[in-house]
Number of protein chains: 2
Amino acid sequence: MVSTFEVLAEPRRREILDLLRARERPVGDLVERLALSQPAVSKHLRVLREAGLVEVRTDAQRRWYRLRAEPLRELEAWLAPYRRLWDEHLDALERHLDTMPDDPEESGS
Amino acid sequence: MVSTFEVLAEPRRREILDLLRARERPVGDLVERLALSQPAVSKHLRVLREAGLVEVRTDAQRRWYRLRAEPLRELEAWLAPYRRLWDEHLDALERHLDTMPDDPEESGS
DNA sequence: AAGCTATATAACCATAGCGACATGTACACG
DNA sequence: CGTGTACATGTCGCTATGGTTATATAGCTT
């Protein structure tokens, strides 16, 4: 099994998800937009499927792929504790700038 | 150059960041806690450094590594549009459950 | 049933990533 | 100034991954 992080490491797979964010799409549609071979796209879709990031619906020969955002919560959860950190750093920077004297030439080069 | 996504695909690197979230640490400390060889850890640290996810401070022979959360904003930014999606889906589920009649036997098997 | 369409799978190749071991480098200390 | 400590870097082997080409599968269509 592959973690959500590894699945998203692939730029093409992120592109696919971005495309599916707009709407459900058949494979051929993705192939066109990604300028990638059909088997390559199918392979990525398989990985995404096994990670639960997409669902398929069969309609005659067409397979319509749809986004499933739920596994992205894992990302969200991991990221959460870091969010406060960059906020803190920004605050620190602001405080720093607030206490700076207004002589930009001073510390040059 | 390596994208933040690829950098975070490695479980060990996420572990390293998680450790650094608590406090600045020298390499040896990370080696102990990760049960990984020192060169392996150094290699991961190099990747993290080049991605701007950590900073080093030299103190005699020790190198103290510190977290830099800022590049994680890229993740955050990518994730943002998806966040509403899983919220929407939850809402849809809730609405669905609200309109369900209370006869759990009906749709069995 | 034959043939076309849409997609999946198989087989193969090239490359990259991660690990371990060995070695280089920088600093402290006696 | 040689030795130990703390870390980085080089090299190598293995495995995994992503791409391509060829082929299998499934469903219309006539």
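Protein chains get the first letters and strands the later ones, always in sequence-line order, with residue 1 at the start of each. Remember, it's a predicted structure, so these values are computed and weren't measured experimentally.
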If you restrict it to nitrogen or oxygen atoms, what contacts under 3.5 Å exist between nucleotides 15-22 of chain D and the protein, and what is each distance?
unit_1 : atom_1 : unit_2  : atom_2 : d
D:dG18 : OP1    : A:Arg13 : NH2    : 3.1
D:dG18 : OP2    : A:Arg13 : NH1    : 3.4
D:dG19 : OP2    : A:His44 : NE2    : 2.6
D:dG19 : N7     : A:Lys43 : NZ     : 3.2
D:dG19 : O6     : A:Lys43 : NZ     : 2.8
D:dT20 : OP2    : A:Ser37 : OG     : 2.8

Candidate nucleotides D:dT9, C:dT7, D:dC7, ranked by approach to the side chain of B:Pro26 - the nearest: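 Closest nucleotide to the B:Pro26 side chain: D:dC7.
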Quick one: [X] [atom1] to [N] [atom2], roughly how many Å, whole number?
X: B:Glu32; N: D:dA6; atom1: CD; atom2: C1'; answer: 13 Å
X: B:Glu50; N: C:dG17; atom1: CD; atom2: C1'; answer: 14 Å
X: A:Trp64; N: C:dA8; atom1: CH2; atom2: C1'; answer: 18 Å
X: A:Arg62; N: D:dT25; atom1: CZ; atom2: C1'; answer: 17 Å
X: B:Phe5; N: C:dG17; atom1: CZ; atom2: P; answer: 17 Å
X: B:Leu45; N: C:dC18; atom1: CG; atom2: C1'; answer: 14 Å
X: B:Ile16; N: D:dC7; atom1: CD1; atom2: C1'; answer: 14 Å

Please write out the pairs of protein N or O atoms and N or O atoms of nucleotides 25-29 of chain C separated by less than 3.5 Å, giving the distance to one decimal.
unit_1 : atom_1 : unit_2  : atom_2 : d
C:dC27 : O2     : B:Gln61 : NE2    : 3.2

Side chain to side chain, B:Tyr65 and B:Ile16, heavy atoms closer than 4.5 Å: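 Side chain of B:Tyr65 against side chain of B:Ile16, heavy atoms only: no contact under 4.5 Å found.
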Within-4.5 Å side-chain heavy-atom neighbours: A:Glu50 and A:Val2: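 Result no, sub-4.5 Å side-chain heavy-atom pair not found.
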Within 6.0 Å of CZ in A:Arg66, more than 12 heavy atoms from elsewhere: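 Count not over threshold, so no.
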Stepwise salt bridge (Lys or Arg N to Asp or Glu O under 4.0 Å) test for A:Glu70 and A:Arg68: CA-CA 6 Å; A:Glu70 195 260 354; A:Arg68 274 196 65 229; 3.5 Å; yes
Chi angles and distances behind the side chain to side chain contact (heavy atoms under 4.5 Å, CB included) call for A:Leu34, A:Leu19: CA-CA 10 Å; A:Leu34 295 174; A:Leu19 285 169; 4.1 Å; yes
Any A:Arg46 side-chain N or O less than 4.0 Å from OP1/OP2 of C:dT9: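 Yes, such a contact exists.
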Short side-chain N/O contact to C:dA6 OP1/OP2 from A:Tyr65, under 4.0 Å: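 Answer is no, no contact under 4.0 Å.
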Least distance between heavy atoms, A:Arg14 atom then A:Leu8 atom: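 Here A:Arg14 and A:Leu8 meet closest at NH1-O, 2.6 Å.
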Distance (rounded to the nearest 0.5 Å) between A:Glu15 CD and A:Arg12 CZ: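 So the gap between those two atoms works out to 6.0 Å.
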Electrostatic pair B:Glu6-B:Arg13, nearest N-O below 4.0 angstrom: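 Salt bridge between B:Glu6 and B:Arg13, a charged N being under 4.0 Å from a carboxylate O: no.
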Test side chain to side chain contact (heavy atoms under 4.5 Å, CB included) applied to B:Leu36 and B:His44, step by step: CA-CA 11 Å; B:Leu36 197 60; B:His44 285 307; 4.0 Å; yes
